[in-house]
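Single-structure report; data block below.
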Amino acid sequence: MLDIKLIRTHFDEVKSKLETRGVNGEELDRLKELDENRRELIQKSEQLKKERNDVSDQIAQKKRNKENADDAIASMKKVGSEIKAIDNQLEDIEEQVKGIASGLPNLPHPSLPIGEDEESNEEIRRWGEVPEFAFEPKPHWDLGTDLNILDFERGAKVARSRFVYYRGLGARLERAIYNFMLDTHISEHGYEELIPPYLANDEALFGTGQFPKFKEDVFQVDGHPLTLIPTSEVPLTNFFKDEILDEKDLPKYFTALSPSFRSEAGSAGRDTRGLIRLHQFNKVEMVKFSKPEESYDELEKMTNNAEAILQKLGLPYRVVLLSTGDTGFAAAKTYDLEVWIPAQNTYREISSCSNTEAFQARRAMIRYRKEDGKIDYVHTLNGSGLAVGRTVAAIIENYQQEDGSIKIPDVLVPYMGGVTEIR
RNA sequence: GGAGAAUUGUCCGAGUGGCUUAAGGAGCACGCUUGGAAAGCGUGUAUACGGGCAACCGUAUCGAGGGUUCGAAUCCCUCAUUCUCCUCCA
């Protein structure tokens, strides 16, 4: 959610910035009109309430003195119904204001390249050597199926398409990877580990920005006001929902492993094979709560934390700064980490690190008290560190050998009980 | 799932329709006192929204949302959470 006062005072600036993100300017004109209307009604209503409070005191006084107060009571009866009428109108307008305001994306940070989509994204840096194979590299779904460590057919049989079973050393590899990731973040990067709820209520999903606009992307539990989390960003960020933190407790870092559930409505036909786009996948998430003035430093550090995982795993990747049009709803600035996928001869997203500034904090009411006693919204950041399934895919493909076996990256060998390859 | 009790400010806690602008206490901050500290005394101590350059003023908030009333922390309804007992369960 954007600051309504900012929209009020810097209207044209906000409007043109949001237009770079594909927002229709007319919506903002309407919002401005509603906001003015709203403030007028608030003043009317509050003035009448003051009158009612004052006269009620007088009535109480008279009653105590055993005097007659019928006239005052009669006139307050009228004021009461006036207040009710105005408040009803106000409620209606506030609903409309919230309807528009909660659907507006965050303002883009000035450093973003301006553009409609991923075509305008800017590559920041590359790391690692893209492997040269003396043979035709196979896609991970063929390698995984042949090695009997991934079973997509049975996943589809028991659930539906886009679900998978990991088997044997495949399951162990997944577990090795996420344990390695969590251990690295908690012991080298200063994060506190959480195991969060995997279902969240509507308020939490509103807080991080999935609701009300992106309901079709998630799985909701029939008969319960709960949704399967599409990312543990939801329970991690909402951990401090409605709380006022102390400045000395900032920055605060959380990490968690969780499954993520996504309906993938609208992605029919894309990545239909393999581990890249499933309805359920494991992800190690990083979330930070930061003072506003430090949040962009924290974003760089968080991105580096995610990169450290790829580097230790020896997976080549590049860092991409998303354009205004490609940046997600809640984010002011996002770096994507894209890992090399040999069989597709391209880089594919494996992490996304964002600073949402106060956008989520305002929705979830996460604030902090400064040294001087003043209260302000924190900045929240989130990033994948990393998507575990896609990491498995990247390892299978980048570490494949001519005979179809997979070499295990050195850092994972201890987590694999000494296993150095899968064959 | 069934029965009962509870939810008040930073914390504890009083408060069954109007002298409650939420008593009292603790904590915290500042001041007085002191050689210094403790004790004592005094003052202050929430959040949101609206108005105002500001000082400040107004409105709302006693778990949440509705309702009754001129007026609700207080009465009524719905819901959430916590605790106790039963049931079930890993």
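Note that this is a predicted model, so its numbers are computed, not measured. A note on names: the letters A, B, ... follow the listed sequences, proteins ahead of strands, and every chain is numbered from 1.
- Side-chain contact between A:Lys312 and A:Glu188 is present, with heavy atoms from C-beta onward closer than 4.5 Å.
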Atom pairs under 3.5 Å: protein N/O with N/O of nucleotides 76-82 of chain B:
none

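- Residue pairs meeting the ring pair (Phe, Tyr, Trp, His ring centres under 6.0 Å) criterion with at least one partner in residues 197-234 of chain A, sequence neighbours excluded, are A:Phe214-A:Phe329, A:Phe219-A:His279.
- Taking atom CZ on A:Arg369 and atom C1' on B:rU47, their separation rounds to 9 Å, with Å as the unit.
- When the P atom is used for both B:rC57 and B:rA22, the distance is 15 Å, rounded to whole Å.
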Extract from the structure each pairing of a protein N or O with an N or O of nucleotides 62-68 of chain B at less than 3.5 Å, listing the distance.
residue: B:rU68; atom: OP2; partner: A:Lys84; partner atom: NZ; Å: 3.3

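- Within the 4.0 Å cut-off from OP1 or OP2 of B:rC70, at least one side-chain nitrogen or oxygen of A:Lys77 is found.
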Identify each atom pair where a protein N or O and an N or O of nucleotides 7-12 of chain B are less than 3.5 Å apart, giving names and distance.
none

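- For A:Ala156, the side-chain contact (heavy atoms from CB on, under 4.5 Å) test picks out no residue, with sequence neighbours left out.
- Legend: residues meeting side-chain hydrogen bond (donor to acceptor under 3.5 Å, both in side chains) with A:Asp410, ordered by chain and number and at least two apart, are absent.
- Among residues two or more places apart in sequence or in another chain, the salt bridge (charged side-chain N to carboxylate O under 4.0 Å, His left out) test is passed with A:Lys374 by none.
- Spacing of P atoms, B:rA64 relative to B:rC11, comes out at 14 Å, to the nearest Å.
- Taken from CG in A:Leu412 to CG in A:Leu173, the straight-line distance is 6.5 Å, to the nearest 0.5 Å.
- Under the side-chain contact (heavy atoms from CB on, under 4.5 Å) criterion, A:Lys62 pairs with A:Glu67, A:Ala69, sequence neighbours left out.
- For the side-chain contact (heavy atoms from CB on, under 4.5 Å) test, residues two or more places apart in sequence or in another chain that qualify with A:Leu199 are A:Val221, A:Leu226, A:Leu228.
- Side-chain atoms of A:Arg348 do not come within 3.5 Å of backbone N or O of A:Ala394 as any donor-acceptor pair.
- In this structure, the CD atom of A:Gln61 is 14 Å from the C1' atom of B:rU21, given to the nearest Å.
- Using a 4.0 Å cut-off between charged nitrogen and carboxylate oxygen, A:Glu33 and A:Arg30 count as a salt-bridge pair.
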Salt bridge (Lys or Arg N to Asp or Glu O under 4.0 Å) for A:Asp29 and A:Lys15? Distances and angles first, verdict last. CA-CA 9 Å; A:Asp29 294 334; A:Lys15 191 173 174 181; 3.1 Å; yes

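- For B:rC53 and B:rG36, the P atoms lie 47 Å apart once the distance is rounded to whole Å.
- A salt bridge does not link A:Glu264 with A:Arg270: every distance from a Lys NZ or Arg NE/NH1/NH2 to an Asp or Glu carboxylate oxygen is 4.0 Å or more.
- A:Tyr296 meets the side-chain contact (heavy atoms from CB on, under 4.5 Å) test with A:His109, A:Leu299, A:Ala332, A:Lys333, A:Asn355, A:Glu357; sequence neighbours excluded.
- The NZ-P distance, from A:Lys49 to B:rA60, rounds to 6 Å in whole Å.
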Output one letter per nucleotide in nucleotides 49-58 of chain B: B when a protein non-hydrogen atom lies under 4.0 Å from the base, S when only the sugar-phosphate is that close, - when neither is. BSS------B

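- When the C1' atom is used for both B:rG24 and B:rU33, the distance is 26 Å, rounded to whole Å.
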For RNA chain B, please output the secondary structure as dot-bracket, reading 5' to 3'. Pairs are Watson-Crick or G-U wobble, both atom distances under 3.5 Å; mark crossing pairs with [ ], other-strand partners with |, unpaired with a dot. ((((((((.[[[..)..(.....]]]((((((.......))))))((((((....)))))).[[[[[..)....]]]]])))))))....

